[in-house]
Undergrad: 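This structure is in structure tokens; I'll ask about it shortly.
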Amino acid sequence: MTDIKPFAMIAEFEDVGAIVKAAESVRDEGYLHWDVHSPMPIHGINVPMGLRPTILPWITLVHGIVGLLVGLLLVWWINAKTVTGVPTPFQGYEYLVSGKPLFSLPANIPILFELTVLFAAIGTLLGMLGLNKLPMLHNPLFQSDRFRRVTADRFFIVIEADDPKFEVDETQNFLNSLGASAVEVVTDD
Amino acid sequence: MILVGIALVGAVAAFINSLFVENSMQRFMQGYLVAFAFVLSISLGSLFFVLVQHLMRAGWSVVVRRFSEVLCLNILVTGLLFLPVAWSVWNGDGLIYSWSQSTTTTSASHANLESAVPQNHTVSLVSESANKKTNGSDQTHGEREHSVSKPFLNRSRFLITWGVLFAIWIGLGVFYYRCSVMQDRSGDVNLTRKMEWWSGIATILFGFSLTLGAFDLLMSLDPAWYSTIFGVYYFSGCAVAGLASLLLIVLLLKRFQIVPSVFSDEVQRDLGRLLFAFVFFWAYIGFSQYMLLWYANMPETTGWLVNRGMSTATGYTNSWGWLAIFLLVAHFFIPFSGFMSRHVKSNSKIMIFWVVWLLVIHYFDLYWIVIPQSNPNLTISFVEIGTAVFVISIYCLAAWWIATRANLFAVGDPRINESLSRQAMY
């Protein structure tokens with residue numbers, strides 16, 4: 001264990017109350033790169049963990065605005081525009097439909113709306129995956145046999161080794177003092 | 001009570017002012033119609049909320065459901081407030097609906113409709129047929145629309161329909177209020193099952209009755225005009241009004257610490273989200289209606305929009321267009337960006353502002369539907385404001401009367417704890 005770099009330290013807890021309390025202590029102790037793992041959602045765990053609100057809404061907003069602008073450009077260019085000097089394959093079509101103006105917002109709003117929604121939705125999905133670092137094909141935590149019970153009946157606090165406050169002995173003592181039923185170092189191959 | 005005083009002041013102001021404006025009785029009755037459609041939309045929106053909660057077996061909303069049930073039962077008082085409208089139709093004075101005039105000879109109805117068409121020295125699309133008359137064609141506008149609408153738009157059919165509509169709405173309101181209040185005492189789970197069982201049928205009844213009601217009450221103002229989506233348009237306003245009223249009650253109770261710490265922030269945010277969704281829904285439906293009429297460009301359907309200032313073509317514009325633009329901005333863009341944020345939804349003070357804002361703008365939405373029919377130019381006076389104050393005060397008074405005679409919360413509901421312990425999921 002001395003020459004292999006530790007990836008994280010995991011502490012096992014046996015019920016929700018214990019892990020919520022422990023999460024508060026880890027937050028107050030000043031750890032930054034850590035997480036709580038549990039078999040089911042713990043509603044409101046964001047408060048004891050001190051999680052900041054996600055920036056995902058902003059990603060959605062930006063994508064929505066980009067979608068709107070792309071849609072506007074699309075309908076304007078394709079339907080309404082002839083630009084001198086641009087080669088013919090890239091010119092707009094200038095469809096005249098039932099005497100309507102070539103470029104008029106009422107007819108184009110559905111397209112703007114759909115593209116806004118499409119870009120916002122795809123941006124939200126990809127943004128969520130990106131923020132969660134997914135897809136992740138392998139996580140060193142899976143090397144721990146103890147950790148497997150996280151999908152059944154145990155709760156874990158994982159403090160990553162790249163946390164500025166991480167010191168193997170100190171962190172181990174700290175996690176033990178929180179009432180963890182077991183503390184273990186997971187190594188990174 | 002203060003509300004009685006306000007109601008009287010409103011009524012008196014409306015009466016006095018109506019002496020000074022043209023077509024005073026018409027202005028008065030149409031202003032009254034706007035106010036009536038406004039309070040009706042609050043009750044129908046509340047009915048919608050109650051029905052959907054039972055339809056979805058919702059637990060989160062139990063703590064606020066009673067307020068909606070009260071507003072929904074308050075449809076009793078809108079039944080009373082409907083009487084002047086019914087009287088106008090029964091009387092055949094044509095003050096509200098041109099089709100209801102008792103002297104339905106062609107010349108009389110024609111004259112009336114001519115005056116309904118904008119006269120700001122422009123020719124609207126509707127009066128095209130009137131021009132044809134001078135060219136020798138004898139198919140006048142008045143004749144055409146009456147021949148089309150006679151089997152449907154007549155006085156007895158209108159009154160019978162509204163009797164049935166109020167029977168449905170009052171029936172549903174009383175049923176859901178009584179079951180819920182009975183449950184306060186007994187805590188009987190079977191009452192919840194009963195309400196849920198009926199909610200499906202009730203929702204279907206609600207949809208049909210609201211659509212028919214919107215057609216009769218607002219769309220028939222222009223007897224020649226039709227829009228199949230109009231019922232949904234009125235419904236979207238109803239949902240906004242119902243949810244806004246509910247949220248206003250919750251926020252005021254919270255703000256003035258009348259029932260402290262009952263409503264979690266999460267319930268407030270959830271209501272805000274629903275309201276937000278229906279603000280968008282209103283714009284979506286309003287635009288859908290506009291775009292189809294715009295695209296089809298049929299003279300008999302665009303006339304309604306021309307009357308309301310929605311045309312930009314030379315000679316067809318009028319000052320109602322400013323109200324139309326105002327609605328687009330104030331009923332959609334401003335509130336949409338205004339309370340999109342979660343932090344705004346959690347802030348009681350700011351949300352009170354938005355909720356009151358939406359209620360006011362919703363009134364002007366209905367105003368824009370009704371008043372341009374007989375006023376060629378943008379206008380507002382104490383006639384409309386006075387009647388609105390009068391009707392809304394009576395409505396609030398009745399709601400207060402009902403609310404003080406029952407628990408403020410559905411304490412017997414088996415899901416009340418789920419609602420009380422609700423917190424953020426993320």
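Below, chains carry the letters A, B, ... as their sequence lines are ordered, and counting in each starts from 1.
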Undergrad: Side chain from CB out, backbone as N, CA, C, O: work out which of these in T54(A) comes under 4.5 Å of a heavy atom of chain B, or both, or neither.
TA: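 Nothing of T54(A), per the 4.5 Å heavy-atom cut-off to chain B.
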Undergrad: To the nearest 0.5 Å, what is the distance between CG on L105(A) and CE on M291(B)?
TA: 12.5 Å
Undergrad: Looking at residues at least two apart in the chain, or sitting in another chain, which of them share a side chain to side chain contact (heavy atoms under 4.5 Å, CB included) with A296(B)?
TA: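 Result, side chain to side chain contact (heavy atoms under 4.5 Å, CB included) vs A296(B): M298(B).
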Undergrad: Can you list everything that forms a side chain to side chain contact (heavy atoms under 4.5 Å, CB included) with F113(A)? Sequence neighbours excluded, please.
TA: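 Only V117(A), F280(B), Y284(B) meet the side chain to side chain contact (heavy atoms under 4.5 Å, CB included) criterion with F113(A).
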Undergrad: What parts of residues 155-167 of chain A touch chain B if we use heavy atoms and a cut-off under 4.5 Å?
TA: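 Within residues 155-167 of chain A, no residue comes under 4.5 Å of chain B, counting heavy atoms only.
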Undergrad: Using only non-hydrogen atoms and a strict under-4.5 angstrom cutoff, which residues of residues 11-21 of chain A touch chain B?
TA: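 The list, in residue order, is empty: none.
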Undergrad: Please flag which part of P106(A) lies under 4.5 Å from any non-hydrogen atom of chain B: side chain, backbone, both or neither.
TA: both
